[in-house]
Amino acid sequence: MTVQRPIKSVSDLVSAGLATDTAGLDAVAAKYAIGITPHMAGLIDRDDPDDPIARQFVPDVAELVTTPEERADPIGDLSHSPVEGIVHRYPDRVLLKAVHVCPVYCRFCFRREMVGPQGLGTLTGAELDAAIGYIAAHEEIWEVILTGGDPLVLSPRRLREIMARLAEIEHVRIVRFHTRVPVVEPERVDEDMVAALKASGKVTYLAVHANHPREFTGAARKAMARLADGGIVLISQSVLLKGVNDDVETLASLMKAFVENRVKPYYLHHPDLAPGTGHFRVSIEEGQALVRALRGRISGLAQPTYVLDIPGGHGKADIGAASIAGGDGCFTVRDWQGGEHRYTPSGGGD
């Protein structure tokens, strides 16, 4: 079925043939935003009840089930936010969250309590001034990571303005964008947008978020090529998701697709403890086994780093390596500063 406009409501889902039994979906929509671009809607196999594209974007009543260990702010953004729009967790880099809307709303999103039409919104002019001022005042900041929300929902004009302001800050050398747009709305990635992502004296990286090899449509491949040809360095981020990519064949195909499109595999995220996302989470042991299986199956060029964002704002840990120990649902994770933290996916943590 061809979908002509974005899907933003339960009634839109029904009209697009993506929902028939709507019992409970209105309650999901009241809590969490719905958003599916026509491009993504066109990829969904409506005859497959387990379609991996649908699973990522079509709401499910399972999202109403919240478990005790889940958190509204699972990776501790708010505890490291000195001013609105800034997260300063690591010494040499900050997140700049200029916008909190997305072209699609992933059902597993770790910021699902903050994004969407009822979320934190776009920074006001005064808030953006304060955020840029914070970056300018902290000379240790070497990298600025634009995330949100999805920064590429901003117009090229707005993106140029932000990049021009960052260009004036000499100690910022790297600007990184985290986005789904090249995959879910590839038509937005035109020459004007590519040019807007660059600034004099800065190197621009762009992390492309994709979770299944079917997301690499012809249009998505052209969008990535346009970015790479325009001088943007491309890296990847994916989330390990039950029912989407939690088998070695799918994961291997996904990582190869990144490499074939000049996107260096970077992060494979263990699912965060966001509310209502338990049906997406695999165990750490399952994830480690998948990553081990990848090592002997595909090129080193295609190997991602398997990471866990430690609840409470302690940063990322490479859980495919020696920074995690334990088993049977009880782990000790070592953060980048050497601190140790309990991680118990079935009940709490510090």
Drop me the distance from Arg89's CZ to His314's NE2, to the nearest 0.5 angstrom.
10.0 Å

Does a salt bridge link Glu63 with Lys31, judged by any charged N lying under 4.0 Å from a carboxylate O?
no

Side chain to side chain contact (heavy atoms under 4.5 Å, CB included) for Tyr90 and Glu143? Distances and angles first, verdict last.
CA-CA 10 Å; Tyr90 300 100; Glu143 179 181 21; over 6 Å; no

Same cluster (ILVMFWY, side-chain, under 4.5 Å), Ile44 and Val183
yes

Less than 4.5 Å apart, side chain to side chain, heavy atoms only: is that true for Tyr205 and Ile235?
yes

Thinking salt bridges, do Arg157 and Asp192 make one under a 4.0 Å N-O criterion?
no

Within 45° of the six-membered ring axis of Phe216 and under 6.0 Å from that ring's centre, is NZ or CZ of Arg221 located there?
no

Can you check whether Arg226's main-chain N or O pairs, donor with acceptor, with Asp229's side chain at less than 3.5 Å?
no

Can you tell me if Glu84 uses its side chain to pair, donor with acceptor, with the backbone of Leu123 under 3.5 Å?
no

Interatomic distance, CG@Asp247 vs OG@Ser253, rounded to 0.5 Å, equals 8.5 Å

Gap separating the CD1 atom of Ile132 from the CG atom of Leu96, nearest 0.5 angstrom:
5.5 Å

Quick one: pull up CG in Leu128 and CD in Glu161 and give me the separation to the nearest 0.5 Å.
9.0 Å

Those residues at least two apart in sequence (or on a different chain) that pass salt bridge (Lys or Arg N to Asp or Glu O under 4.0 Å) with Glu215 are Arg180

Quick one: do Thr37 and Phe57 satisfy side chain to side chain contact (heavy atoms under 4.5 Å, CB included)? Show the steps, please.
CA-CA 10 Å; Thr37 59; Phe57 304 115; over 6 Å; no

Keeping Lys202 on the side-chain end and Val172 on the backbone end, is there a donor-acceptor pair under 3.5 Å?
yes

Please report the interatomic distance CG(Asp60) to OG1(Thr277), rounded to the nearest 0.5 Å.
12.0 Å

Run the salt-bridge test on Asp45 and Arg214 with the 4.0 Å N-O cut-off and return the result as yes or no.
no

Taking C-beta and beyond as the side chain, do Ile36 and Pro6 meet within less than 4.5 Å on heavy atoms?
no

Under a 4.0 Å threshold between the charged nitrogen and the carboxylate oxygen, would Arg111 count as salt-bridged to Asp77?
yes

Between Glu286 and Arg281, is there a salt bridge with N-O shorter than 4.0 Å?
no

Does the side chain of Pro304 come within less than 4.5 Å of Met255's, by heavy atoms?
yes

Can any side-chain N or O of Thr204 pair as donor or acceptor with the backbone N or O of Leu197 at less than 3.5 Å?
yes

Check whether the side chains of Ser15 and Asp12 place a donor and an acceptor atom closer than 3.5 Å, and report yes or no.
no

Can a donor-acceptor pair be found, under 3.5 Å and without considering hydrogens, that links the side chain of His39 to the backbone of Ala41?
no

Check: Asp272 side chain, Ala274 main-chain N or O, donor-acceptor pair, under 3.5 Å
no

Output yes when a side-chain donor or acceptor of Glu260 lies under 3.5 Å from a complementary backbone atom of Ala257, and no otherwise.
no

Quick one: do His269 and Tyr306 satisfy side-chain hydrogen bond (donor to acceptor under 3.5 Å, both in side chains)? Show the steps, please.
CA-CA 6 Å; His269 293 271; Tyr306 181 37; over 6 Å; no

Looking at Asn211, is its backbone amide N or carbonyl O close enough to the side chain of Asn245 to form a donor-acceptor pair, meaning the two atoms are under 3.5 Å apart?
yes

Looking only at atom types and distance, does a side-chain atom of Gln303 sit under 3.5 Å from a main-chain N or O of Ile298, one as donor and one as acceptor?
yes

Pairing of Arg46 and Asp51 as salt bridge, 4.0 angstrom limit:
no

Side chain to side chain contact (heavy atoms under 4.5 Å, CB included) evaluation trace for Val153 with Glu185:
CA-CA 10 Å; Val153 302; Glu185 202 173 14; 5.5 Å; no

Just by modelled atom types, is the Lys242 backbone N or O under 3.5 Å from a matching donor or acceptor in the Arg55 side chain?
yes

Is the closest side-chain donor-acceptor distance between Arg176 and His178 under 3.5 Å?
yes

Which distance, rounded to the nearest 0.5 Å, do you find between the CG of Leu294 and the OG of Ser299?
11.5 Å

Might you point out which heavy atoms bring Ala33 and Arg107 nearest each other, and give the distance in Å?
O-NH1, 2.7 Å

Where do Asp150 and Thr179 land on the side-chain hydrogen bond (donor to acceptor under 3.5 Å, both in side chains) test, with the steps shown first?
CA-CA 5 Å; Asp150 193 317; Thr179 181; 2.8 Å; yes

